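I have placed the structure first, in the form of structure tokens, so that the comments after it can refer back to it.
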Amino acid sequence: MGTLSGFALLSSAAFADRLSLASVSGNKQTASSGDTQTPITAKPVQVSPTGEGLIMIDPSKKPDDKAVTPKENLVRNPTFIYQFYHPDEMEGGSPSRELVVLLHGSGGNEASLVPLARRVWPRAVLLGVRGRVLQDGGTRWYRKITAVKFDEKDVQLEADAFVVFLSKLAEKENLDLPNATFVGYSNGANLLAATMFMHSDLVRRAVLMRSMPVLAQMPKADLSKVQVLTITGEQDKLYSPFAPALSDALRRSGAKLDAEMVDSGHMLGLKDRQMIRQWLASLDGAALTDVKVKPKKD
């Protein structure tokens with residue numbers, strides 16, 4: 001498959017002058033290569049055999065809002081680990097030029113959302129990115145203080161670094177970021193939402209699953225050209241109460257928002273995938289047929 005085209009240099013690239021931490025790391029191997037170098041060790045991610053469900057937090061453990069994590073239990077990787085996942089050649093069609101950027105949840109990695117995304121975008125190039133923060137042994141996108149309180153300066157630092165990373169990578173690989181779809185789950189969706197407000201020129205289409213606002217005061221932003229789907233788990237008792245605040249902030253900024261609720265908890269599954277496909281069909285004006293991806297034989 002040829003390289004993606006149409007990238008226009010982001011104005012946010014100016015942050016490179018004051019952020020030296022966001023150097024580019026990774027490679028362009030396919031999903032089957034498995035040779036991405038990993039300088040930090042992430043917790044294993046539980047993925048269902050069908051690839052339909054992802055668990056980034058242990059649902060059997062009740063979060064302790066009083067438990068503050070010391071800063072000394074945090075390690076920040078100087079680079080973003082990433083991986084391109086190219087589609088297999090399929091009968092009756094060819095790979096598209098579409099790019100989908102994936103931001104995992106707590107404890108995940110660059111591959112965590114690939115099974116779900118491949119079902120929705122069978123012919124797209126998937127770009128999985130790993131958050132730089134390792135806290136208490138788990139990968140994250142920014143430092144947490146409690147389960148629902150976060151280090152806002154760290155959120156801003158990592159959002160800036162993420163934009164610089166993507167700007168450099170897009171220039172290097174000729175990526176069409178303005179036409180890309182960004183997909184975030186939980187911790188990754190929160191970072192993505194904050195990035196959208198801080199750098200409104202980056203994202204034009206976003207899917208935010210199990211998200212909440214992580215900045216007390218969202219920066220003023222013009223998101224009138226941004227299409228957003230939020231998916232909240234009705235049974236996600238810890239995080240669903242925060243979803244309306246994020247929806248309100250997005251609407252006030254002019255985003256074209258579809259806020260949906262699914263009969264689920266924090267875990268992702270079939271209903272989320274179906275919701276995304278319905279949303280994409282409404283935007284593109286064409287029905288999308290669900291795709292079953294057969295596992296490769298060894």
Side-chain angles (χ1 to χ4, degrees), residues 50-54 56 85 87 93 96-105 112-128 176-197 200 202-213 221 223-236 239-240 242-293:
T50 60
E52 295 177 356
L54 303 171
M56 301 304 179
Y85 298 87
S96 71
R97 297 164 64 86
E98 187 173 11
L99 175 67
V100 180
V101 183
L102 307 174
L103 289 77
H104 63 79
S112 299
L113 291 177
V114 170
L116 182 147
R118 184 53 75 205
R119 296 285 187 90
V120 178
W121 292 276
R123 297 183 178 89
V125 172
L126 308 179
L127 170 58
D176 187 9
L177 286 184
N179 292 312
T181 301
F182 289 74
V183 180
Y185 168 52
S186 189
N187 187 242
N190 299 344
L191 189 281
L192 178 56
T195 302
M196 290 165 58
F197 282 93
S200 57
L202 177 66
V203 179
R204 289 292 176 266
R205 180 181 290 188
V207 177
L208 307 175
M209 300 178 288
R210 313 301 189 269
S211 52
M212 64 174 289
L223 301 180
S224 59
K225 297 181 180 179
V226 183
Q227 296 168 317
V228 184
L229 170 66
T230 62
I231 306 179
T232 303
E234 187 175 8
Q235 301 170 30
D236 189 359
Y239 296 106
S240 62
F242 298 94
L246 179 59
S247 295
D248 290 343
L250 289 167
R251 289 193 178 98
R252 287 196 303 269
S253 297
K256 299 176 178 64
L257 174 67
D258 286 286
E260 301 292 346
M261 183 83 69
V262 293
D263 184 15
S264 178
H266 201 69
M267 181 179 176
L268 300 180
L270 175 62
K271 294 178 181 178
D272 295 277
R273 196 176 75 221
Q274 292 174 335
M275 188 69 67
I276 296 171
R277 296 189 68 83
Q278 292 172 7
W279 179 68
L280 291 173
S282 69
L283 297 181
D284 299 335
L288 296 174
T289 304
D290 195 20
V291 175
K292 293 184 179 180
V293 180

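Quantities reported herein were computed from a predicted structural model and do not represent experimental measurements.
Between atom CZ of residue R273 and atom CD of residue Q278 there is a gap of 12.0 Å, rounded to the nearest 0.5 Å. We find the CG-CD1 distance between D272 and I231 to be 5.0 Å, quoted to the nearest 0.5 Å. Atom CG of L177 sits about 6.5 Å away from atom CG of L202, to the nearest 0.5 Å. Between the CG atom in L191 and the CG atom in L208 there is a gap of 11.0 Å [rounded to 0.5 Å]. With values rounded to the nearest 0.5 angstrom, W121 atom CH2 is found 7.5 Å from L116 atom CG. Distance CG/L127 to OH/Y85: 9.5 Å, rounded to 0.5 Å.
Under the salt bridge (Lys or Arg N to Asp or Glu O under 4.0 Å) criterion, R205 pairs with D284, sequence neighbours left out. Residues that satisfy the side chain to side chain contact (heavy atoms under 4.5 Å, CB included) test with A259, not counting sequence neighbours, are T230, S247, R251, L257.
For the salt bridge (charged side-chain N to carboxylate O under 4.0 Å, His left out) condition, the pairs that include at least one residue of residues 253-268, sequence neighbours left out, are D263-K271.
Annotation for A206 and M196: closest pair CB-SD, 4.0 Å, computed over non-hydrogen atoms. Residues E98 and T181 approach most closely at OE2-OG1, 3.8 Å, considering heavy atoms. In terms of heavy atoms, L223 sits closest to S200 at CD2-CB, 3.8 Å. Taking both residues in full, the closest heavy atoms of A124 and V100 are given as CB-CG2, 4.0 Å, listed atom of the first, atom of the second, then distance. Residues V228 and A255 approach most closely at CG2-CB, 4.2 Å, considering heavy atoms. Nearest approach of P213 to F242, heavy atoms of both residues: CD-O, 3.3 Å.
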### Task
Applying side chain to side chain contact (heavy atoms under 4.5 Å, CB included), run through H104 and Y185 and close with a yes or a no.
CA-CA 6 Å; H104 63 79; Y185 168 52; over 6 Å; no
### Task
Could you walk me through whether V207 and W279 pass the side chain to side chain contact (heavy atoms under 4.5 Å, CB included) test, one step at a time?
CA-CA 10 Å; V207 177; W279 179 68; 3.6 Å; yes
### Task
Give the C-alpha distance, both sets of side-chain angles, the deciding distance and a yes or no for side chain to side chain contact (heavy atoms under 4.5 Å, CB included) between Q274 and V262.
CA-CA 10 Å; Q274 292 174 335; V262 293; over 6 Å; no
#### Entry: From CA spacing to verdict: side chain to side chain contact (heavy atoms under 4.5 Å, CB included), M212, L246
CA-CA 6 Å; M212 64 174 289; L246 179 59; 5.9 Å; no
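Listed for the R277 side chain is a donor-acceptor partner under 3.5 Å among the backbone atoms of V120.
Contact annotation: the side chain of D176 never approaches that of R97 to less than 4.5 Å [non-hydrogen atoms, C-beta and beyond].
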